[in-house]
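Down below is the structure, laid out as structure tokens.
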Amino acid sequence: MAVVGAGIGGIATAVRLAVRGHRVTVFEAQESFGGKMHQLELPGGYRFDGGPSLFTLPHLVDELFELAGRNPHDYFRYQRLDPITQYFFADGTRLTAWADEAKFAAEVEAKLRVPAADVLAFLQRSGRAYSATADTFLQKSLHKARTYLSADVLKAVAATPQLGLLETMHQRHQAAFPDDERLVQLFDRFATYNGSDPYQAPATLSMIPHLEHGLGAFYPEGGIYAIAQSLVRLAEELGVEFRYQEPVLEILTAAGQVTGVRTAQDVYDFGLVVSNMDVVPTYRKLLPSQPAPERTLSQPRSSSALIFYWGVAHRFSELGVHNIFFSQDYKQEFEAIFQQKTISPDPTVYVNITSGHTPTDAPAGHENWFVMVNVPHDQGQDWPALINQTRAAVLARVSKALGQDVAPLIRAEHVWDPPGIAARTSSFGGALYGSSSNNMLAAFLRHPNFSRKLEGLYFCGGSVHPGGGIPLCLLSARIVSGLIN
Ligand code: FAD
């Protein structure tokens, strides 16, 4: 069988199917694996994880090694992060998100004057919503009747009143913390974990903080890229063949059945094909003569990102692995992204620094800054102008918060924008997470993990069910493998 694309979803699918005894060939357009989860180096000795930086639910990676009868720790190690995030609010307040929920709640009470009990109650509710729904919405195909006949569905239905399907995330957070806009902003930010807008997304997504605060944020030894590296090592040991720089140009079909793939090099026979390519170009480019599910493909896209990779000649003791510099007006920021399709002049800035944990990621006394701003997916905006405007705004924001001019400290720089993300990964418009979750039916409107029209065609990765982000891509691989077997 063939997998089209060596993103994290494709690699995990290849591992699962190889464990089941399939002969798997992975076709990858780029010169190496990982897709959005790649790494880059800049002159002067700086290494960066190119895409994802936050890692949750690490057992989903361990599980792949265990399935293959291996000890995960022989391949891949990680530690729980504590603290998780350093927050810098626009009014100058700083807040540390500690891994321990009670310690975090006490910090919120001390810094924001919101009772710790309210914070704990909110986090517990988030945990309950996650427990009630994750089995149904994340772990199974939503497009097979048998899913709806299981006990998990009854559990999810029973939890419906808690999920708040008719209120938005922002409304939920405002009701929980009516006296502090900063805490509302902090919890609203979790909508961006799947590229959504807290002012539109249903309150169901208020379960996302549980992933980080309840279950933990983790740091893989060597950085996020180590996840892809260790899984490719495992896949190769299991006999998976990776064919790099060999993009699939067409998925071949006959009489409603997949028959193979065509690349520039050759035509290959396969009765099973799993596409890890974004589902929109899979239909538009690889299956041009097949009817496409237009309603599904036309769902609004998730946000994209503008990333500045900076080698910085200084160590900031107040910064950790994850750092957030909030904007003044969050509502305006999301209106800019989702309604005006542009970047706010005052964006929230995320800075990820791994050199504190992996010293080889920067020279001594320096740091590797991955600086990210949420932006709309590419619709032909004037990106060079937006990059210039945003770079200046980012520098002003972080320099003010840190009390030091950061611009003269930048020794090396690289920029990745939505058209660049689209070009490198084939993601439609450079959207990070496929379609957005800005309405309550979004989970059901994502493309299923299989084709309803073509026998032998399956889909994994961030643009299909259950969604984007490392854990959900790993779950898509689990669902696909279950459907095939
Ligand atoms: P992708 O990474 O999309 O890879 C698809 C692969 O298919 C690519 O290698 C591409 O070259 C290949 N391909 C495409 N077309 C073809 C073809 N025709 N033939 C052969 N190969 C082809 N997630 C988190 O969990 N935490 C985060 O902190 C986080 N932050 C992010 C920040 C950024 C800047 C980005 C870009 C993403 C982030 N994400 C994060 C999202 C996460 O990275 C993705 O959801 C996930 O990596 C997507 O994996 P995927 O399996 O969908 O494949």
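Order of listing sets the numbers, starting from 1, for every ligand and every atom in it. Here, residue 1 is the first one in the sequence, and each next residue gets the next number.
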Relative to [atom], which among [options] owns the nearest non-hydrogen atom?
| atom | options | value |
| --- | --- | --- |
| atom 46 (C) of ligand 1 | G462, C473, G5 | C473 |
| atom 50 (P) of ligand 1 | L286, N276, L432 | N276 |
| atom 43 (O) of ligand 1 | G467, A2, P52 | P52 |

For [atom], grab the closest protein heavy atom and report residue, atom and distance to one decimal in Å.
| atom | result |
| --- | --- |
| atom 21 (N) of ligand 1 | A29 N, 3.1 Å |
| atom 2 (O) of ligand 1 | K36 N, 2.7 Å |
| atom 14 (C) of ligand 1 | S426 OG, 3.5 Å |

* Under 3.5 Å donor-acceptor, R478 side chain and L60 backbone ->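 No: the side chain of R478 does not pair with the backbone of L60.
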
* To do: Could you tell me whether P471 approaches ligand 1 through its side chain, its backbone, both or neither, with non-hydrogen atoms closer than 4.0 Å?
  => side chain

* Asked: Where on F55 is there a heavy atom closer than 4.0 Å to ligand 1, on the side chain, on the backbone, on both, or on neither?
  -> neither

* Taking side chain as C-beta onward, heavy atoms only, is Q86 less than 4.5 Å from E318? -> no

* Taking the non-hydrogen atoms of S304, is any one of them nearer than 4.0 angstrom to ligand 1? -> no

* Asked: Out of curiosity, is K285 lining ligand 1, as in a heavy atom under 4.0 Å away?
  -> no

* **Those atoms of ligand 1 less than 4.0 Å from some heavy atom in G34** =>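 Result: 2 (O).
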
* Where ligand 1 meets F27 - atom numbers and elements under 4.0 angstrom, heavy-atom basis -> 20 (C), 21 (N)

* ring-ring contact (aromatic ring centres under 6.0 Å, His included), paired with W369, selected from F316, F325, Y309, Y350 ->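 Answer after filtering F316, F325, Y309, Y350: F316.
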
Below 30° counts as parallel, above 60° as perpendicular, anything between as tilted: where do the rings of [X] and [Y] land?
| X | Y | value |
| --- | --- | --- |
| F27 | F270 | perpendicular |
| Y199 | Y330 | perpendicular |
| Y78 | F55 | perpendicular |

* If we ignore angles and hydrogens, is there a donor and acceptor under 3.5 Å between the side chains of Y283 and H447? -> yes

